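The block underneath contains the structure these notes are about, expressed in structure tokens.
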Amino acid sequence: MGYDFKSAEKKWQDKWEEAGVFHAEDCSEKPKFYGLVEFPYPSGAGMHVGHIKAYSGLEVVSRKRRMQGYNVLFPIGFDAYGLPTENYAIKTGIHPRKVTDMNIEKFSSQLKRVGFSFDWTRVIDTTQENYYKWTQWIFLKMFEKGLAFRDKTLVNYCPSCKVVLSNEDSQGGKCDICHSDIVQKSKDVWYLRITEYADKLLEGLNGLDYLPNVILQQKNWIGKSTGAFVDFDVKGSDDEKLRIYTTRPDTLFGVTFMVIAPEHPIIDKYADRIANMDAVEGYRKECAKKTEFERTQLVKDKTGVRIDGLSGINPVNGKEIPIYISDYVMMGYGTGAIMAVPAHDERDYDFAKKFGIDIIEVLKGGDIEKEAYTGEGEHVNSEFLNGLNKADAIEKIIEFLAEKGIGEKGVQYKMKDWAFNRQRYWGEPIPIVHCEHCGMVAVPYEELPLKLPKVENFAPGSDGESPLAKIDSYVNCTCPKCGAPAKRETDTMPQWAGSSWYYLRYIDPNNDKAFADREKLNYWGRVDWYNGGMEHVTRHMIYSRFWHKFLYDLGEVPYDEPYAKRTAQGLILGPDGEKMSKSKGNVVDPNEVVDEYGADVLRTYVLFMGDYEKAAPWSKSSVKGCKRFIDRVWGLQDILVDGDTYSKELESSIHKTIKKVTEDIENMKFNTAIAAMMTLLNVIYDNGKINKAELKAFITILNPFAPHVTEEMWEKNNFGGMLANGKWVDFDEAKCVDDEIEIVVQINGKVKTKLMVAADIEADEAIAIAKADEVIAAAIAGKNVVKELYVKGRLVNIVAK
RNA sequence: GCGGAUAUGGCGGAAUUGGCAGACGCGUUAGAUUUAGGAUCUAAUAUCAACAGAUGUGCAGGUUCAAGUCCUGUUAUCCGCACCA
């Protein structure tokens with residue numbers, strides 16, 4: 001009788017749910033394991049095979065850990081605020097609430113069909129009042145501490161969609177949605193002062209078990225650099241100081257010009273003294289027209305205009321140097337002004353060559369006739385720095401600058417403050433009231449959640465205002481402080497908000513007194529293992545680490561980093577080797593796979609298809625290989641015999657496989673774990689029979705991968721209880737080795753023959769046996785044996801000339 | 001441009017960390033079974049060669065008794081950052 005996955009899978013999913021076997025127990029005596037996967041955005045398209053792979057990894061780890069006696073928290077939820085839902089709602093007229101509920105329903109049933117061992121009693125939805133109440137609560141705490149603030153910014157605005165767009169949605173200066181030209185618009189928006197945590201976020205990385213690549217990407221994102229600020233006097237101004245930032249203050253003697261960003265305020269301030277203001281203005285207009293893409297493209301061909309009327313004075317030698325404006329200097333980094341050292345900076349070099357500016361070498365080691373020398377070297381032409389190396393020179397010059405009061409040590413970050421706003425409906429309302437008398441006032445904590453009002457028209461308003469701005473009953477309120485009529489903030493929070501603290505809510509999802517109970521926080525502690533996509537390791541992870549560190553500083557959480565370990569799965573590519581996309585028509589629907597082959601096959605395949613951390617193309621025929629594997633496992637019941645200990649024939653194979661699977665799962669080497677079980681299966685069929693003890697062990701280690709078929713077999717053979725509640729099997733290291741082993745005999749490193757010998761054979765004996773072999777004897781006859789080696793358990797190598 | 005990673009049969013990928021290259025799976029070929037197809041089972045399957053044997057882990061060198069693995073150089077692909085001073 002074949003295995004009927006259709007009925008068995010449904011049956012066991014229901015039984016597991018009924019018995020609550022995957023419910024995590026708060027504050028239990030058992031050791032805890034908190035495994036976290038990135039909760040999905042419930043899109044209308046339904047689940048993707050990528051989700052299955054992303055969740056299957058920690059699913060296997062979680063099921064195994066449960067069987068090993070851990071109290072496992074393996075939760076799931078939905079990150080449901082966001083634009084796609086809202087856009088769909090606008091298009092169809094169905095309310096986003098309804099769309100979200102439908103999509104969550106769809107995702108939930110799909111996830112359940114795959115048999116994931118999530119604790120469904122803890123499911124969260126970021127759009128529910130009892131969840132976003134605490135998102136707002138955290139925001140207000142930040143507001144209280146001055147970390148949430150408002151500031152003017154130039155935003156990308158699409159006049160056609162009437163919406164403010166992120167940089168990602170406005171690439172190339174065109175709106176991603178309607179492709180009209182984006183205009184820059186000044187607007188007051190909310191920011192979170194994440195830069196205040198830049199150092200903590202950087203230092204925190206040290207003790208964490210993240211993939212090296214993840215650490216690197218986070219470091220790059222934070223982008224810390226150390227250097228110095230230096231003030232240059234400006235000739236032609238009223239005693240104006242032009243402050244620059246540099247990482248190489250030691251090259252100050254090589255400065256031959258300065259460059260400021262086109263937006264630099266000094267231009268407007270002294271506009272009447274700049275003789276060529278027309279040219280300067282013309283250049284600035286030209287830059288403003290350039291899209292971000294254009295501005296980053298032309299690396300070699302520098303453009304710029306000299307400011308006629310203002311010049312800089314090099315503070316170390318009093319030399320007068322020209323000042324240029326050029327768009328290779330950005331207003332958003334450092335001070336928007338640089339000192340240019342063409343001899344030792346490629347950009348400055350290109351610029352100097354183009355504009356015919358002097359190039360003065362201050363570091364030995366390169367040939368500045370040909371190109372800028374950016375390496376290290378001894379200082380020359382630098383007065384008191386001459387002869388010093390880079391580190392010493394930097395130290396000395398900073399000392400000098402500080403003494404003279406013309407500069408100081410400085411640190412810069414690439415990371416900017418987090419623009420925390422959306423002019424959209426489907427997001428968490430920002431709980432702030434604007435009062436004419438009191439300014440910005442927080443909605444009192446006891447009034448949270450500030451509910452997102454139900455509206456009929458959730459399309460964005462004109463002029464980039466949030467749809468909430470049109471609802472008078474929402475906007476008009478009284479000031480919580482003075483009681484005067486006031487207006488509510490109408491921006492909502494960005495998508496990233498809800499996901500910045502969701503791992504904390506799983507710990508105590510229904511608490512209405514706090515975001516999570518302190519005792520439970522103490523018990524569950526950090527997420528032990530967080531798996532997700534590489535695309536989320538910078539923004540999402542840094543944002544949530546920031547929120548967590550903020551809560552830690554507030555004393556609201558008992559540990560300072562949210563995630564102890566972070567891994568990432570590789571993409572599943574389409575069968576054509578291309579990234580899956582609807583437009584390419586190469587998307588694989590997990591539902592169809594479950595329909596055709598069953599959930600166990602789908603789960604096994606996504607883990608078997610290749611290295612978990614690498615991208616691999618989907619192969620329809622390889623899926624069939626996993627189907628065969630599952631069917632052959634079921635077929636073991638046809639050759640089942642009695643026996644309550646491992647048989648001599650299979651004992652070492654079973655121990656070896658248990659060892660391999662046990663270790664591989666922890667290292668996310670799921671593909672080789674499955675391969676090892678396939679190998680064992682082949683060994684068993686070669687053996688012709690399997691006894692009950694052996695079958696128990698086999699289906700136990702297979703259970704995390706293929707829980708349904710193994711559970712069905714467990715029941716059918718009356719092994720007792722439910723396998724999901726079962727105990728993991730141990731292996732005995734001593735029994736993983738065979739008595740007799742095959743060794744290879746090489747002559748001059750080439751394999752000549754293979755011999756069976758006792759596993760504990762000594763070198764002398766092994767070599768003697770090898771030399772006694774007729775093939776070897778013949779090969780070395782008449783030759784001079786130079787060297788004889790025995791590598792334990794592996795080979796004998798005889799070097800003969 | 002900078003940083004990181006990868007490169008192994010027809011395909012996805014293994015390789016105890018310097019010790020039999022190609023585990024496991026797919027595909028292919030032959031056979032069995034079947035009215036047929038499908039499914040299943042058995043065997044073969046890196047390349048060249050009838051065999052002996054030789055060659056073989058992107059390419060070129062090197063170290064070693066022994067190299068996919070270590071060293072030097074080089075090429076290609078992918079990812080991240082990108083005029084960050």
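Here is the naming used below: chain letters follow the sequence lines, and residue numbers restart at 1 for every chain. Since we're looking at a predicted model, the values are computed, not measured.
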(Q) So, does A:N671 get its side chain near the phosphate of B:A14, meaning an N or O under 4.0 Å from OP1 or OP2? (A) yes
(Q) Strictly below 4.0 Å, N to O, side chains only: are A:R566 and A:E38 in salt-bridge contact? (A) yes
(Q) Can a donor-acceptor pair be found, under 3.5 Å and without considering hydrogens, that links the side chain of A:D631 to the backbone of A:Y3? (A) no
Q: Identify the two heavy atoms, one from A:I690 and one from A:L636, that lie closest to each other, and give their separation to 0.1 Å.
A: CG2-O, 3.8 Å
Q: Check every atom of B:C24, B:C20, B:A15 against the side chain of A:M678 and return the nucleotide holding the closest atom.
A: B:C24
Q.
Any heavy-atom pair between the side chains of A:P342 and A:T256 that's under 4.5 Å?
A. yes
(Q) If you compare every side-chain N and O of A:K660 against the phosphate oxygens of B:A14 (OP1, OP2), does one of them come in below 4.0 Å? (A) no
Q: Remember a base hit wins even if backbone is also touched, and classify A:L795 as base, sugar-phosphate or nothing at under 4.0 Å, heavy atoms.
A: base
Q: Identify whether any heavy atom of A:D631 sits under 4.0 Å from a base atom; if not, whether one sits that close to sugar-phosphate; answer base, sugar-phosphate or nothing.
A: nothing
Q) Below 4.0 angstrom from OP1 or OP2 of B:C83, is there any side-chain N or O of A:K354? A) no
Q: Write down the atom of A:V411, the atom of A:T226, and the distance for their closest heavy-atom approach.
A: CG2-CG2, 4.0 Å
Q.
Considering every strand and a 4.0 Å limit on heavy-atom distances, what is the contact class for A:A615: base, sugar-phosphate, or nothing?
A. sugar-phosphate
Q.
Please give the distance between the P atoms of B:A30 and B:G38 as a whole number of Å.
A. 13 Å
Q: Could you work out the separation of B:G68 and B:G56 based on their P atoms and round it to a whole Å?
A: 10 Å
Q) From the list B:G19, B:G12, B:G25, which nucleotide is the closest neighbour of the side chain of A:P617? A) B:G12
Q. Quantified in whole Å, what is the P atom distance between nucleotide B:C11 and nucleotide B:A44?
A. 22 Å
Q.
So does A:L252 get a backbone contact from the side chain of A:N314, meaning a donor-acceptor N/O pair under 3.5 Å?
A. yes
Q: In whole angstrom, give me the gap between the P atoms of B:U34 and B:G27.
A: 24 Å
Q) Which nucleotide sits closest to the side chain of A:K624: B:A66, B:G3, B:A39? A) B:A39
Q) Of the candidate nucleotides B:A85, B:G27, B:G25, which contains the atom at the shortest distance from the side chain of A:S622? A) B:G25
Q. What integer number of Å spans the C1' atoms of B:U57 and B:A7?
A. 9 Å
Q: Step through it carefully: locate the ring centre of A:Y324, locate the ring centre of A:F351, and say whether they are under 6.0 Å apart.
A: yes
Q. Does a salt bridge link A:K620 with A:E596, judged by any charged N lying under 4.0 Å from a carboxylate O?
A. yes
Q) Given B:G4, B:A85, B:C81, which nucleotide is nearest the side-chain atoms of A:N213? A) B:G4
Q. Looking at the side chain of A:K614, which of B:C26, B:U6, B:G4 is the nearest nucleotide?
A. B:U6
Q. How far does the P atom of B:G37 sit from the matching atom of B:G58, given to the nearest Å?
A. 42 Å
Q. Expressed in whole Å, how much space separates the P atoms belonging to B:A49 and B:G10?
A. 15 Å
Q. Counting any heavy atom closer than 4.0 Å, what does A:E742 reach on the DNA or RNA strands: base, sugar-phosphate only, or nothing?
A. base
Q: Measure the spacing between CG of A:L681 and CD1 of A:I674 and express it to the nearest 0.5 Å.
A: 13.0 Å
Q.
By the rule that syn is within 90° of 0, classify the base conformation of B:G9 as syn or anti.
A. syn
Q | Contact list for RNA chain B against residues 597-610 of chain A - heavy-atom distance below 4.0 Å | A | A:F608, A:M609
Q. Looking at the side chain of A:V329, which of B:C24, B:A14, B:A85 is the nearest nucleotide?
A. B:A85
Q. Within this structure, what is the CG-to-C1' distance between A:L571 and B:C79, rounded to whole angstrom?
A. 10 Å
Q.
Which is it for B:U17, anti or syn, if anything within 90° of zero counts as syn?
A. syn
Q) Using atom P of each nucleotide, how far apart are B:A21 and B:U16 to the nearest Å? A) 14 Å
(Q) Ring-plane angle category for A:Y373 and A:H344, please: parallel below 30°, perpendicular beyond 60°, tilted otherwise. (A) perpendicular
Q) Nearest to the side chain of A:R794, which nucleotide is it out of B:A85, B:C24, B:G19? A) B:G19
Q) Please give, in whole Å, the distance from B:G80 P to A:H536 NE2? A) 13 Å
Q. What about A:K302: does its side chain form a donor-acceptor pair under 3.5 Å with the base of B:C83?
A. yes
Q. According to a strict under-4.0 Å criterion, is A:Y333 in side-chain N/O contact with OP1 or OP2 of B:A85?
A. yes
Q | Separation of B:C11 C1' from A:K620 NZ (nearest whole Å) | A | 17 Å
Q.
By nearest heavy atom, map A:G223 and A:C626 onto RNA chain B; which one lands nearer the 5' end?
A. A:C626
Q: Just call it for A:E788: base, sugar-phosphate, or nothing, with non-hydrogen atoms closer than 4.0 Å on any strand.
A: nothing
(Q) Is the positively charged end of A:K302 above the ring of A:Y328, judged by distance under 6.0 angstrom from the centroid and angle within 45° of the axis? (A) yes
Q) Atom CG of A:N667 and atom P of B:U16: how far apart are they, to the nearest Å? A) 13 Å
(Q) Is the positively charged end of A:K656 above the ring of A:F731, judged by distance under 6.0 angstrom from the centroid and angle within 45° of the axis? (A) no
Q: Check A:L205 against A:R545 and note the closest heavy-atom contact, atom names and distance.
A: CD2-NH1, 3.4 Å
Q: Give a yes/no on whether any side-chain N or O of A:R628 is located under 4.0 angstrom from OP1 or OP2 of B:C41.
A: no
Q) Taking atom types as they are modelled, is there a donor-acceptor pair under 3.5 Å from the base of B:C81 to the side chain of A:N220? A) no
Q.
Considering every strand and a 4.0 Å limit on heavy-atom distances, what is the contact class for A:K669: base, sugar-phosphate, or nothing?
A. sugar-phosphate
Q) Which nucleotide in the set B:A85, B:G12, B:G3 lies at the smallest distance from any side-chain heavy atom of A:A616? A) B:G12
Q. How is the base pairing of RNA chain B summarised as a dot-bracket string, given the Watson-Crick and G-U wobble criteria with both distances under 3.5 Å, [ ] for crossing and | for another strand?
A. (((((((..(((......[....)))((((((.......))))))(((....)))..(((((..]....))))))))))))....
Q.
Measuring from the side chain of A:V751 (C-beta onward, heavy atoms only), which nucleotide among B:A39, B:C83, B:C20 has the closest atom?
A. B:C20
Q: Select base, sugar-phosphate, or nothing to describe what A:K754 touches, counting heavy atoms under 4.0 Å on all strands.
A: base
Q | side-chain N/O A:N682 vs B:G25 OP1/OP2, d < 4.0 Å | A | yes
